[in-house]
Protein chains: 2
Amino acid sequence: MSSIHNPNQNHLLGALPTAEFDALAAYLELVPLRLGESLYEPGEKLQHAYFPTTAIVSLHYVTESGASAETAGVGNEGVVGVSLFMGGETTPSSAVVQTAGHAYRMEGQRLKEEFSRAGLFQRLLLRYTQALMTQMAQTAVCNRHHSLVQQLCRWLLLTLDRLPTNELIMTQELVASMLGVRREGITEAAGKLQRAGLISYRRGHISVLDRTGLESHACECYAVVKKELIRLLPDVKYRQDSTTTNA
Amino acid sequence: MSSIHNPNQNHLLGALPTAEFDALAAYLELVPLRLGESLYEPGEKLQHAYFPTTAIVSLHYVTESGASAETAGVGNEGVVGVSLFMGGETTPSSAVVQTAGHAYRMEGQRLKEEFSRAGLFQRLLLRYTQALMTQMAQTAVCNRHHSLVQQLCRWLLLTLDRLPTNELIMTQELVASMLGVRREGITEAAGKLQRAGLISYRRGHISVLDRTGLESHACECYAVVKKELIRLLPDVKYRQDSTTTNA
DNA sequence: GCGTGTCTGTGTGCTGGGGCACATAAGCCG
DNA sequence: CGGCTTATGTGCCCCAGCACACAGACACGC
């Protein structure tokens, strides 16, 4: 029986050679992630790591005054829960599902054991973590210096790269909370992009019409993050995707 | 002959048990770091890792338009060059000396080998890296939501924690480039703090008069970063500091 | 002790985004 | 089909921080 779900949809899992993958496969459990669901809260010890396939998770921080901002996003290119193998077990931020979908999860203890084997899996996890750091650093710079329109373009592109379609199921309110700005600001910025013919949207749906146009309106931050991800985790498949090869 | 310089002044090195430390000591070289000196530039492959003792290094990003911002700072609590053991070898940011002083440096190749031994040193480096991520994430949030005065307080406190004195040798211009704001903004914010009796300054010198007062004017970000650092790297000395015990 | 470069203080106007209030409209569900 | 919920559009005023311009003032070298 072949399902539409497959661990290979996650790039980290998909990059593992057969031997490494087989050692892990038994510990991967497919779980649905609902929009708005929290995978962990600040200071809460992580139970599982999540390897998203179709879902997107936002690493989010909420200030004492109730304002919030995304510090990085995680989709099929990475894993939620790096603090498990980094040794901290928890973080001051939370992880919230930004786009509903699926992920494969693994017991935290198991992940730590696999990490400690110091094989290719460890190497991939560490390189991914560095890419995640780049994303955080770039978010800091972007928050400081770039306009809302530029930031919205960056964010749309990063999200789009993690989706199979060109449509985001997402209200302006939600986008605003990701970028840490007012909802009205998104209305205005999205209106500009729609008038420019780059996107079109209706209640809770945003469609990207002109990806190249978006890229030219985005700040450099998108390209920096993307380039660094490709550099650190080249899209090499070490393993043939045997589970989906059926004629 | 006992020098005023000692690798134990760096918390990561100081936390190593004797056996681990002795294996490393021969590869540590004391180097002076001058103000403004760059330890590496974007995309440049790192040759060395630096364990600061009295120096402070700023991880810095310069945008295409020439604007700049610090994404994190590194002092005697950490190490410059985590991308060596994370596997990326380089980063899109640069590392600039923010406060002159000294650091112990180690060949990149040697660091990678020591890391791969998977001992306590690796564990310390990974936990430190997680603390660094927290700092980056918090910088992103802070840039988004907190006022310049709050950010200045946060930054002064973080810097102060890495120094033996309560005086920073630093012009407003330099502080501005760290926070990624205009110099005039620092003049105004620092003026407020001086009028409030928290600091006093003259050309290129800033003295902290009331640390507690600064803390109460800072945003939560300082406390979050500090607390996370202490949690991840409790100030346990595994080794007695034999080199400085002389009656 | 004097000149000079650098650092700091201040002013004016401008703009992006925040807070708030409210109008409008789209989708949903009975 | 009709009403209700919830997303979106707009207008208002306000303020922080930017740009640019310039004045004072301290520090250092000669």
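Numbers restart at 1 for each chain; the letters A, B, ... are given by sequence-line order, proteins then strands. All figures in this text were calculated on a predicted structure; none of them were measured in a lab.
The side chain of B/Arg182 lies closest to D/dA19 when the candidates are C/dC20, D/dG17, D/dA19. Ranking D/dC20, C/dA25, D/dG17 by closeness to the B/Glu184 side chain, first place goes to D/dC20. Picking from C/dG27, C/dA21, C/dT8 the nucleotide with the shortest atom distance to the side chain of A/Arg202 gives C/dG27. Nearest nucleotide to the side chain of A/Tyr201, out of C/dG9, D/dG9, D/dT10: D/dG9. For B/Val181, the listed nucleotide lying nearest its side chain is D/dC18; candidates were D/dT8, D/dC18, C/dG18.
Atoms CG (A/Leu148) and P (C/dT15) sit 18 Å apart, rounded to a whole Å. If you measure from atom NE2 of B/His145 to atom P of C/dG18, you get 9 Å, rounded to the nearest angstrom. Distance A/Ile169 CD1 to C/dG27 P: 12 Å, rounded to the nearest Å. In this structure, A/Lys192 atom NZ and D/dT8 atom P are separated by 18 Å, rounded to whole Å. Per the geometry, CD belonging to A/Gln172 stands 15 Å off P belonging to C/dG17, to the nearest Å. Remark: P of D/dT6 and CD1 of A/Ile186 are 21 Å apart, rounded to the nearest angstrom. Nucleotide C/dG19 holds its P atom 15 Å from the CD atom of A/Glu188, rounded to whole Å. Atom-to-atom, CZ of B/Arg144 to C1' of C/dG16 comes out at 11 Å; the value is rounded to the nearest Å.
Residues B/Val149 and A/Arg203 both approach DNA chain D. Their nearest nucleotides, taken by heavy-atom distance, put A/Arg203 toward the 5′ side. Each of B/His205 and A/Arg183 lies near DNA chain C, and the nucleotide nearest B/His205 is the one positioned closer to the 5' end. Place B/Gly204 and A/Gln151 on DNA chain C by their nearest nucleotides, and B/Gly204 ends up nearer the 5' end.
The closest side-chain heavy-atom distance from B/Val175 to B/Gln172 is not below 4.5 Å. Using a 4.5 Å heavy-atom cutoff, the side chains of A/Leu233 and A/Leu12 are in contact. A 4.5 Å side-chain heavy-atom check between B/Glu188 and B/Leu148 finds every atom pair outside the cut-off.
The main-chain N or O of A/Leu232 is found under 3.5 Å from a side-chain atom of A/Arg127 such that the two form a donor-acceptor pair. Without hydrogens or angle criteria, A/Gln138 side chain to A/Gln135 main chain gives no donor-acceptor distance under 3.5 Å.
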